[in-house]
Amino acid sequence: MLFNSFVFLGFIALVYSLYLLLLSRWRQQNVLLLISSYIFYGYWDWRFLSLLAGSTIIDYHVARWLHAADDSKRRKGLLAISVCANLSILGFFKYFNFFADSTVALCHALGFQADAITLNIILPLGISFYTFQTLSYTVDVYRGKIKPARNFLDFALFVSFFPQLVAGPIERASHLLPQIRAPRIITALQIHEGLFLILWGYYKKVVIADGLGLVVDGVFMDYTQYAGMDIVVGTLAFALQIYCDFSGYSDIARGLARIMGFDLMVNFKLPYFALTPSDFWSRWHISLSSWLRDYLYIPLGGNKNGPIKTYRNLFLTMLLGGLWHGASWNFVIWGAFHGIILIIYRFVGARWQGAESESRGFRSFRIVTQWMLMALLIQVGWLLFRCNTMDQLWYMLTHVGFQYDYQTRVLLVDLLFYGLPLLAIEVVQHLTGDLLILAKLRFWARVPVYSYLLIWIAVFSARESTEFIYFQF
């Protein structure tokens, strides 16, 4: 069920009305939300409800057994059951054909004959998100950071909570579970901020992301017809498309949760204002980058065993982070690229930070230079991310340039039409350090802003519902 569909609007209107009727009975609210979440997920394909339920049942019981176990070997064995079960399901449905095809290609390259084993495997919606969410719960119980859930329905709702089920943010049990197992108080401020987040998220998705999607698809699907600045504009359009598509979903998810009394973590903090790779990953898909840090980078040793092993850990973390996004070599290359620039920036180190005694003018120059360089690296990364084949990637990298023509101007007009309003709003958010600044404006200033968003959604939104890009991950 897509957020940007009339079916979902009817669904959320009904669910929220029933939710408010049960306002003083939070246990019944949880049952309603759990049933609604399974209906929400099953609407896409009811067969995959078994995977969601299976992962929930396994980790619920494993966590309770972990908490009760005293023997170290038994605890490690139980943790291994959870990790293997979850990753096996994820690996089979998401990566089987990728590794099978890659193995056959490697055999052919070495001169051996091999037949491909191809299965018609459908990727379950949101499997990467809820698998990581429930895995983090088991690991945290193993580490003693949290106690296991006592109520199965509470845990089942934690895994399947529909606003963030299929595209995040990837919540931690320490944050979301306490909210599930306690009464929620819905205030006027929560409703106000929640409605703003929903409105802002829809604007980013159905206006900007879907509008620029036409530009992006034109350039990348028929790439041999474009060169020079066309490729630059197409890549910039994709940068805005994927950001508005994914952060728009996160905003809607946070808004839906907030009007029900829940607080979901912020998943995006103006990532295109980043000055360094580490700064970018502290702003982009924060729930994933923090998950990779806590459950992969640090267990590998983090930065505690010297620079060489630190670089290795950074590279492996980003490589697997790229593979998380999809079963394709372009995602692996994208992850490796970000791993390499993280290593380079870490090697350069304090030289980028500047001295305390530097003048204000030089500091401004340094920050602008850092931002421009990081923006360029991010765009190169998005080109790697979006290209589907090595031939396409090679063509677009070798045909980029400064030449432009009428076709370039047409693409640029579309980019500016959708991008400039977003830029204006995000500059205000950046300067104030407040992502909810528009919701805090005085009434006379808030009305025209909200009216503008509503009018653009009504006039310029795509006429057909399109899937969110991260649904495929």
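Predicted model, so just to flag it, every value in this text is computed and none were measured.
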Quick one, [X] and [Y] - any side-chain contact, counting heavy atoms below 4.5 Å?
X: Val62; Y: Leu79; result: no
X: Phe337; Y: Phe385; result: no
X: Leu2; Y: Phe8; result: no
X: Leu292; Y: Leu320; result: no

CA sep, side-chain torsions, deciding dist, call: Trp324, Phe129, ring-ring contact (aromatic ring centres under 6.0 Å, His included) | CA-CA 10 Å; Trp324 176 92; Phe129 290 89; 5.1 Å; yes

Under 3.5 Å, is there a donor-acceptor pair between the side chain of [X] and the main chain of [Y]?
X: Gln392; Y: Cys387; value: no
X: Tyr137; Y: Ala149; value: yes
X: Asn313; Y: Gly302; value: yes
X: Trp456; Y: Tyr203; value: no
X: Arg184; Y: Ala182; value: yes
X: Asp434; Y: Gln429; value: no

Is the shortest distance from a Lys or Arg side-chain nitrogen in [X] or [Y] to a carboxylate oxygen in the other one below 4.0 Å?
X: Arg172; Y: Asp140; answer: no
X: Asp154; Y: Arg181; answer: no
X: Asp217; Y: Arg386; answer: yes

Test ring-ring contact (aromatic ring centres under 6.0 Å, His included) on Phe262 and Phe161 and set out the steps.
-> CA-CA 11 Å; Phe262 293 92; Phe161 187 45; 4.9 Å; yes

Yes or no on side-chain hydrogen bond (donor to acceptor under 3.5 Å, both in side chains) for Asn86 and Thr131, after CA distance, side-chain angles and deciding distance?
-> CA-CA 6 Å; Asn86 284 287; Thr131 297; 4.9 Å; no

Please say whether more than 12 non-hydrogen atoms of neighbouring residues, nucleotides or ligands are located less than 6.0 Å from CZ in Arg74.
-> no

Just do the side-chain hydrogen bond (donor to acceptor under 3.5 Å, both in side chains) check on Tyr243 and Glu426 with the steps written out, would you?
-> CA-CA 12 Å; Tyr243 167 61; Glu426 293 214 338; 2.4 Å; yes

Parallel, tilted or perpendicular for [X] and [Y], by the 30°/60° rule?
X: Tyr60; Y: Phe155; result: tilted
X: Trp284; Y: Phe280; result: parallel
X: Phe40; Y: Phe162; result: tilted

Using salt bridge (Lys or Arg N to Asp or Glu O under 4.0 Å) as the criterion, list what pairs up with Arg283, not counting sequence neighbours.
-> Asp279

Locate the shortest heavy-atom distance separating Tyr418 from Val207; write the atom from each residue and the value.
-> CE2-O, 3.4 Å

What about Phe48 and Tyr41, are their ring centers closer than 6.0 Å?
-> no

Between Ser282 and Lys269, do the side chains contain an N or O donor and an N or O acceptor separated by less than 3.5 Å?
-> no

Decide yes or no on side-chain hydrogen bond (donor to acceptor under 3.5 Å, both in side chains) for Lys145 and Ser174, but give the supporting numbers first.
-> CA-CA 8 Å; Lys145 291 186 175 181; Ser174 58; over 6 Å; no

